[in-house]
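So you know, we letter chains A, B, ... as the sequences are listed, proteins then strands, and number each from 1. Not measured: the values here are computed from a predicted model.
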Amino acid sequence: MALLQIAEPGQSSAPHQRRFAVGIDLGTTNSLVATVRSGVAETLPDASGNHLLPSVVRYQPDHDPVVGIEAKSSSVDDPLNTIVSIKRLMGRGIEDLKSLGNRLPYKFAETESSVPRIATSAGHVSAVEVSAEILKSLKDRSEQTLGDELVGAVITVPAYFDDAQRQATKDAARLANINVLRLLNEPTAAAVAYGLDSGQEGVIAVYDLGGGTFDISILRLNKGVFEVLSTGGDSALGGDDFDHAIAEWIIPQIGLNKTELEPSQARLLLREACKAKEALAENEQVELNIELNENHRWFGLLTRDQFQQLVDPLIKKTLLACRRAIRDAGVDQADIVDVVMVGGSTRTLRVRELVGDFFKQQPLVSIDPDKVVAIGAAIQANSLAGNDPDGEMLLLDVIPLSLGIEIMGGLTEKIIHRNTPIPVSRAQEFTTYKDGQTAMAVHVVQGERELISDCRSLARFELRGFPPQVAGSARIRVTFQVDADGLLSVSAREETSGVEAHVEVKPSYGLNDAEIEKMLRDSMDYAKDDMLARSLREQQVEADRVIVALDAAMAEDADEMLEADERDAILKARDILLQTKQTSNDVQEIKQAVQAVERASASYVAKRMNASVQKTMAGHKVEEFTVEDENK
Amino acid sequence: MSVDLFNKSYFDIFNVPLSYDIDLNKVGEIYLKLQKSVHPDRYANSGDQEKRIAMQQTSLINQAFYTLKDPVSRAQYMLKLKGLDMDSETDTTMDAEFLMEQMEFRESIMEVQDKSDPLSELDSMLAVLGKKMDGLSKDFTNLFVNASYDAAREAVRKMQFIIKAKKEVNELSEKLEDELM
């Protein structure tokens, strides 16, 4: 076992201070926040003891938005200003609204932005802003409970979220003033909570059916490493669709047409449908008594058989995705030791039954399917915040959908294939097709289909400023980098001239930086002075962190790793930074001093990191996977 | 910036000999061990610089691992280390007999849907392709050891055909299975 470090009486124990970090499950129907306290990960309740925060935001004129239970209670009476299931609109464009159907009762504002805005009585709001309200509410809850400011949060997203949807989630966090430690895939989070709890090893499947999204992930668990082998799903399929199926079955029986429904009637129907669905978990049949108005009353019966007929096609869709994921993972069905059920919609008995039949085993429902994702995220947040320095846990995730670019003829050329582990980078070379050409346009898409029009457009960018040459002789190397959050960035360079081409990314469905800045400015919470004070303090903290880390590193190995002149240059930059930090109130000035230290120490840092890799490898030759010394 | 990892061959990164027959279990274990030391999550509290390097190193290790794990990309990479580029279209003449065989094979894939038990037909096709792949792997190993790189490249080209056919068979059986569900 690990030796405990005990401080002498009178001495302060350890310089290490606990850093509060949380895991946030930003769900379609409900959201949760969890943290690790005294070694236990648990979800945090609000003042009334409720752990689940309904993902509902109500807007009213001259009033701060209301989030949660109170907002939910107004969803039938005030449907146009009460926003539910906003997650379905994250990272979606105006065009997508059509394919999402006429199910959304909101009024959409005419806008020039590529991002749809909902017209409420308090003005136009985008999905990012609505989500930010939910995040703010959870942030407040955790800071009140923990009595301290948050270092950051791990926010979960459906594994099958594309780049635009992930980016929108990160933007919402930025708007809520939350430092995102990592975007974590929901099934991976669930696997962490489950795996650490059970100590299970081997291949497991996580079946995650939420309110509006479905994910399937196949993972291998091995000594604290959670390796995602494959993932699949549908980011527009969830328990909400069961409610819609029931509602659509009721509508003609009332003698109505779907298009004739008032928004509040549609909400009422959905609410009743949802209640009926939940009641069927206990009962063989439920009675429905629906009164839309004096002329449209309906009394009927929904049996389990009827319900199964309505939802089986939807559940089958999820099972097709499961089979594909197993195939992509390169494992046999028989290798799967456990199937973990996640998400409120796995409470539906029919889902459990069909999933059990498919995997030929009883799926696990022992951990609360509503809380398991937030708990896993909290464990990861705790580890990323540095509260668990000796922890062996590591999550290796994959990109859910292939990334490609448009080539001649409207076809897709895949650059990074789905289920490739992230982070990952790939370079691709392009050339010019006209003499003297100095710019080119690149269209980045995500998806598995051959035709560009069947894939999802992520961004269009232009490379500019490379020297004019004969057609075909320029060599423009474009590097696509996907980071550990699954987010794409692009850089480009003309190889023959060495010119860094300027990349201007126009996200197809995202908010651009200017829009986000504007929202930040407009946001009531951030008066300008507060903003400045905050960013100054953040920059000072960053400066401290850089100095502390550098001092610690140099105390360890500066003698063996650094030549005298390099060492002097680093120390000089360090001293300037220390002085600037103490005397300056200019954020930019401190930032530049930090960057100067980073430049001076660049090769030293690289050398150190490389040495750590060497050490890993050296360990191999000698002991070749013997059990490591446990008393370290 | 010179980080040694970036100047190493993928084989050196995983401490295995430059050979087609590598111990993939060993590579897999070293992969996990390397990930534990370079993954960006290990640098979540470090500066932007360390984070960036961690991301680059992890990207490289991922790339290296997936190149070695896949037989065809492993073979292509070995040839690349010997200065042979697979993409160059200088020498595209292929064994006529092999091409003929492939065309016939493709046709039989198309016809399989009319058979009474297409799924088991497809399974046996996969078995045939697997055997062919094994044969080509042996050929490649020998040719590479004997430094007959051009002939080794020919073997890799044939592997690519087999993989493509295998993919078609898999896609078709996936489609047929979907229809059955």
Side-chain angles (χ1 to χ4, degrees), chain A residues 19 151-152 181-182 222-225 227 316 319-320 323-324 327 358 380 383-386 392-396 420-426 481-485 542 545-546 549-550 594-595 597-599 601-603 605-617 619-621 624-625, chain B residues 1-8 12-16 25-67 69-70 73 87 170-171 173-175 177-181:
Chain A
R19 294 152 54 86
V151 171
L181 297 168
R182 182 73 72 234
N222 178 18
K223 299 188 193 100
V225 180
E227 186 184 8
K316 289 241 167 80
L319 298 178
L320 289 179
R323 244 222 347 266
R324 206 152 286 151
R327 206 186 272 266
F358 175 81
Q380 160 87 331
S383 156
L384 292 182
E392 284 287 290
M393 189 180 84
L394 185 64
L395 315 187
L396 304 177
T420 301
I422 51 172
V424 60
S425 82
R426 289 271 194 288
Q481 172 80 58
V482 178
D483 67 16
D485 292 328
E542 172 68 8
R545 203 194 48 66
V546 168
L550 183 66
V594 168
Q595 286 167 350
V597 172
E598 289 189 340
R599 272 196 305 277
S601 60
S603 85
V605 169
K607 253 188 253 170
R608 292 195 87 234
M609 290 179 70
N610 192 50
S612 111
V613 173
Q614 298 292 357
K615 219 168 112 192
T616 309
M617 295 307 298
H620 262 284
K621 280 181 189 155
E624 208 60 32
F625 313 123
Chain B
M1 196 182 308
S2 88
V3 178
D4 285 357
L5 208 53
F6 290 87
N7 297 324
K8 284 184 168 183
D12 288 341
I13 287 177
F14 291 103
N15 212 1
V16 289
N25 285 330
K26 184 184 168 193
V27 169
E29 288 187 46
I30 296 180
Y31 170 71
L32 290 186
K33 216 159 179 189
L34 281 172
Q35 285 281 8
K36 281 194 174 181
S37 88
V38 303
H39 194 275
D41 282 2
R42 293 281 182 238
Y43 295 88
N45 282 304
S46 308
D48 290 345
Q49 187 160 259
E50 282 102 318
K51 282 184 185 161
R52 201 168 47 241
I53 298 174
M55 182 172 75
Q56 288 165 350
Q57 286 186 334
T58 312
S59 298
L60 175 74
I61 285 162
N62 278 333
Q63 167 86 23
F65 181 51
Y66 277 79
T67 303
K69 212 169 93 166
D70 177 64
S73 60
D87 296 333
N170 274 328
E171 277 170 4
S173 54
E174 200 167 314
K175 200 181 119 211
E177 280 172 23
D178 283 1
E179 281 164 11
L180 285 179
M181 267 188 88

Peer 1: Mind checking the NZ-CG spacing from B:K8 to A:N610? Nearest 0.5 Å is all I need.
Peer 2: 7.0 Å
Peer 1: Side chain, backbone, both or neither: which part of A:L384 has an atom under 4.5 Å from a heavy atom of chain B?
Peer 2: both
Peer 1: Rounded to the nearest 0.5 Å, how far apart are OG1 of A:T420 and CD of B:Q63?
Peer 2: 9.0 Å
Peer 1: If you measure from CD on A:E542 to CG on B:D48, what distance do you get to the nearest 0.5 Å?
Peer 2: 6.0 Å
Peer 1: Taking side chain as everything from C-beta outward and backbone as N, CA, C, O, which of these in A:I422 sits under 4.5 Å from a heavy atom of chain B? Side chain, backbone, both or neither.
Peer 2: backbone
Peer 1: Do B:M55 and A:S425 touch side chain to side chain, with heavy atoms closer than 4.5 Å?
Peer 2: no
Peer 1: Could you grab the distance from atom CE of A:M609 to atom OG of B:S37, nearest 0.5 Å is fine?
Peer 2: 8.5 Å
Peer 1: Kindly give the heavy-atom pair with the smallest separation between B:E50 and A:V605, and that separation in Å.
Peer 2: CG-CG1, 3.5 Å
Peer 1: Would you say A:P421 and B:Q35 make side-chain contact, with heavy atoms under 4.5 Å?
Peer 2: no
Peer 1: At a heavy-atom separation under 4.5 Å, does B:I61 approach chain A through its side chain, its backbone, both, or neither?
Peer 2: neither
Peer 1: Measuring heavy-atom distances to chain A, does B:F14 have an atom under 4.5 Å in its side chain, in its backbone, in both, or in neither?
Peer 2: backbone
Peer 1: For A:R426, is it the side chain, the backbone, both, or neither that has a heavy atom closer than 4.5 Å to a heavy atom of chain B?
Peer 2: side chain
Peer 1: Which answer fits A:Q595, side chain, backbone, both or neither, if we ask what part of it has an atom under 4.5 Å from a heavy atom of chain B?
Peer 2: neither
Peer 1: Out of A:K223, A:E227, A:R324, which one racks up the most heavy-atom pairs below 4.5 Å with chain B?
Peer 2: A:R324
Peer 1: State which residues pass side chain to side chain donor-acceptor pair (under 3.5 Å) with B:R42; sequence neighbours excluded, sorted by chain then number.
Peer 2: none
Peer 1: Tell me, with the steps shown, if A:R327 and B:N170 meet side-chain contact (heavy atoms from CB on, under 4.5 Å).
Peer 2: CA-CA 10 Å; A:R327 206 186 272 266; B:N170 274 328; 3.6 Å; yes
Peer 1: Quick one: are B:Q56 and A:P423 in side-chain contact, heavy atoms under 4.5 Å?
Peer 2: no
Peer 1: To the nearest 0.5 Å, what is the distance between CG (A:L320) and CD (B:E174)?
Peer 2: 9.0 Å
Peer 1: Would B:L32 and A:L396 count as a side-chain contact (heavy atoms from CB on, under 4.5 Å) here? Give the steps.
Peer 2: CA-CA 9 Å; B:L32 290 186; A:L396 304 177; 3.7 Å; yes
Peer 1: Heavy-atom distance under 4.5 Å between the side chains of A:M393 and B:D41, does that happen here?
Peer 2: no
Peer 1: Can you tell which part of A:V225 gets under 4.5 Å to a heavy atom of chain B, answering side chain, backbone, both or neither?
Peer 2: side chain
